[in-house]
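Structure first, then comments.
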Protein chains: 2
Amino acid sequence: MTVSRVINNTGRISVDTRKRVLSIMKEMNYVPNSMARSLVKQESRILSLLITDITNPFYTSLARGAEDAARQLGYRLLLANSDESIAKEKEYIETVLSARVDGVLFAPAGDDSLPNLRKLKKQNLPLVLLDREVPGIDCDMVLGDSKDGAKRLTEHLISLGHRRIALLNGASTVSTARLRREGYEDALKLHSLPFRSDYMAEANYRMGVTDTLVDRLMQMPEPPTALFAANNFLALGAIRALLNKGYRVPEDLSVVCFDELEAGFVVDPFMTVIAQPAYEFGYTGIQMLVDRIQDKAPAGWRRIMLPSELHVRKSSGEARFSFFDNE
Amino acid sequence: MTVSRVINNTGRISVDTRKRVLSIMKEMNYVPNSMARSLVKQESRILSLLITDITNPFYTSLARGAEDAARQLGYRLLLANSDESIAKEKEYIETVLSARVDGVLFAPAGDDSLPNLRKLKKQNLPLVLLDREVPGIDCDMVLGDSKDGAKRLTEHLISLGHRRIALLNGASTVSTARLRREGYEDALKLHSLPFRSDYMAEANYRMGVTDTLVDRLMQMPEPPTALFAANNFLALGAIRALLNKGYRVPEDLSVVCFDELEAGFVVDPFMTVIAQPAYEFGYTGIQMLVDRIQDKAPAGWRRIMLPSELHVRKSSGEARFSFFDNE
DNA sequence: CTGTTAGCGCTTTCAT
DNA sequence: ATGAAAGCGCTAACAG
């Protein structure tokens, strides 16, 4: 009818009819059905964002950025949470596919997300990968410089006099974990320090650190004097385990990590971190996605690498000498 | 066609046809269009959750609870974030209404959410209010016992010897803020302590505490020796301001608050809090909502009040005497 | 067991 | 400036 024209402010309509339509709309509490509209227009103006841990401030900041960008560009944002689970990710793919969203912002759980992502690509759905790369998938991406950040964090520890630096890493199936390890090894090499596999530990990014793991590290004949945790929650888990066991940070072990700790660091700015611009991850991601949807994007895939900052705080302190050290 | 029957596993279908259909579906990467389906079925199997601050661990835990419950009950969850803004809330209402979701879980920004909520009710959309009440709206609710929690927190301070206890409250347009103030006043009255309006301050729940505000409190002739903050972020903001100004917690000022601080308290369990079961807020809310949708709910409105726990930690210490005190 | 018809609420496109 | 017809992709209700 003419109603459609009124709603969409399109075509010529007499002032009178418009008024009448609007008043009747009010009267009967009419709300347009966006599904019906999407069905015929073949677009939903909905974008979707998948994060791996809604509990982690890195991802909530990212979500806020994505939300703001989406709103400004006239899209709605569907937010979902995979809990680092490939299975939930798969469910999620089904949903967004059948919901006919216009594009997807995707923080993959890891390399095993490949089949999930392939499915997405097969439908030609515009896709931007966030934070983590997945070998085998070519698409737009917004990443941090994990390798460089890890290197700077490790060098910070070395500059403090630490020679025995442990790495508490995420699963090696996640690109950021691999790169952070590389950066860590690079820094060691650069300063002629040996890489010791017994200083390596792996855990889930979602706070999967156990007391046992910390015990193993601290009860070695030559325990580390510093620990580089690959993300904020890993660091928190490690510190909790350390305190449980009666160790102090940084006196007994310096701890540094990737990603800011918002609430945590406010009480008493504590953690030395490489802070990534989480909000910009989301904001930039949505911009790239919408560019792609509206065919304003360049032909090739874009790969944006956002800079990070080293914040030195209290969790990292000077190494104290011991007879184990050679230097 | 027959395809619909295959997809929905409904009606009688020969094994052969089913196989053929499935294989062709695979071949052409067919994905059912859930909008078209919802259009005819008049239900979307989508629930929607609005929280006021995606950055606050209380709400992210709540969201995880809602997510889990929704998944288990066969619904999808659309997550959104109002930033405590009535305007964003309004936009959101438009969205969920036109998206024809089956029900809404709603944490209102405050009493001014009333028109927004009325709009929702006018469409007869099943609605569950979360965490905050709104005068004028009758519906299912999941709440915490703000008054009792505030009372217990205040009494904790009193039992520590504090007589001059300030209240840093949320906006008085939010029901929880009003109730927390009542609980605070009750505790004072019960212990024959005077209520002093100059010990009251108001700020936005989203970390809107300024150094000025803290200054005003601390530079009074009789400054408070303890501060009760109405939520976690208010406490964090206050502590940050205090540390900025060179005060120590709890030595110079004890600080306690509502709601847990997840990440924050892990580093070194610090804040004395009334912890609310955030996850259960979300989980229970979805259950009530789905009951309502499926007409399994009782006739009247249900109002569930979830219990909270007092966790005494380091941010609250014994009051030290001063000549200002009478007792 | 499978196909047909109709219609969910909208937006084209083409009349009037 | 307004209306009529057709169809987006699906399912309910009947045929066959």
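Just so it is clear, the structure is predicted and the values come from calculations on it, not from any experiment. Each chain gets a letter, A, B and so on, in the order the sequences are listed, and its residues count up from 1.
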Go through [options] for me and flag the one nearest to the [X] side chain.
| X | options | value |
| --- | --- | --- |
| B:Gln42 | C:dT2, C:dT11, C:dC8 | C:dC8 |
| B:Asn33 | D:dG9, D:dA12, C:dC10 | D:dG9 |
| B:Ser14 | C:dC10, D:dT2, C:dT2 | C:dT2 |
| A:Tyr30 | C:dC10, C:dC8, C:dT2 | C:dC10 |

- Query: Do you know which two heavy atoms are closest between A:Gly136 and A:Leu114, and how far apart they sit?
  - Reply: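 Reported closest heavy-atom pair: C-CD1, 3.9 Å.
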- Task: Report yes if at least one side-chain N or O of B:Ser4 is closer than 4.0 Å to OP1 or OP2 of D:dT11; otherwise report no.
- Result: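 For D:dT11, OP1/OP2 do have a side-chain N/O of B:Ser4 under 4.0 Å.
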- Taking OP1 and OP2 of D:dA12, is either one under 4.0 Å from a side-chain nitrogen or oxygen of B:Lys41?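 Checking D:dA12 against B:Lys41, a side-chain N or O does come within under 4.0 Å of OP1 or OP2.
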- Determine whether any donor atom in the side chain of A:Arg5 lies under 3.5 Å from an acceptor atom in the base of D:dG3, or the reverse, and answer yes or no.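 Pair found.
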- Can A:Asp131 and A:Tyr59 be counted as having a side-chain donor-acceptor contact under 3.5 angstrom?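 Their side chains do contain a donor-acceptor pair, which is all the 3.5 Å distance test asks for.
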- Message: Could you tell me if A:Asn116 and A:Tyr92 have a donor-acceptor pair between their side chains, going purely by distance under 3.5 Å?
- Response: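 Not at all, the side chains of A:Tyr92 and A:Asn116 share no donor-acceptor pair under 3.5 Å.
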- Message: Based on the rotation axes of five pairs at each end, what angle does the helix from C:dC1-D:dG16 to C:dT16-D:dA1 bend through, to 10°?
- Response: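 Overall, the helix from C:dC1-D:dG16 to C:dT16-D:dA1 bends by 40° from one end axis to the other.
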- B:Arg45 CZ - D:dC10 C1' separation (whole Å):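 Rounding to the nearest Å, CZ of B:Arg45 and C1' of D:dC10 are 17 Å apart.
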- Starting from C1' on C:dG7, measure out to CE on A:Met35 and report it in whole angstrom.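 Those two atoms, CE and C1', are 14 Å apart.
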- Residues forming a salt bridge (charged side-chain N to carboxylate O under 4.0 Å, His left out) with B:Arg178, sequence neighbours excluded: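 Applying salt bridge (charged side-chain N to carboxylate O under 4.0 Å, His left out) to B:Arg178 gives B:Asp111.
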- Query: Is any side-chain heavy atom of A:Ile86 closer than 4.5 Å to a side-chain heavy atom of A:Glu89?
  - Reply: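 Yes. Closest side-chain heavy atoms under 4.5 Å.
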- Message: Base, sugar-phosphate or nothing for B:Thr17? Non-hydrogen atoms, less than 4.0 Å.
- Response: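 Contact class for B:Thr17: sugar-phosphate only.
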- Check whether the ring centres of A:Phe58 and A:Phe281 lie less than 6.0 Å apart, and answer yes or no.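 Yes, close enough.
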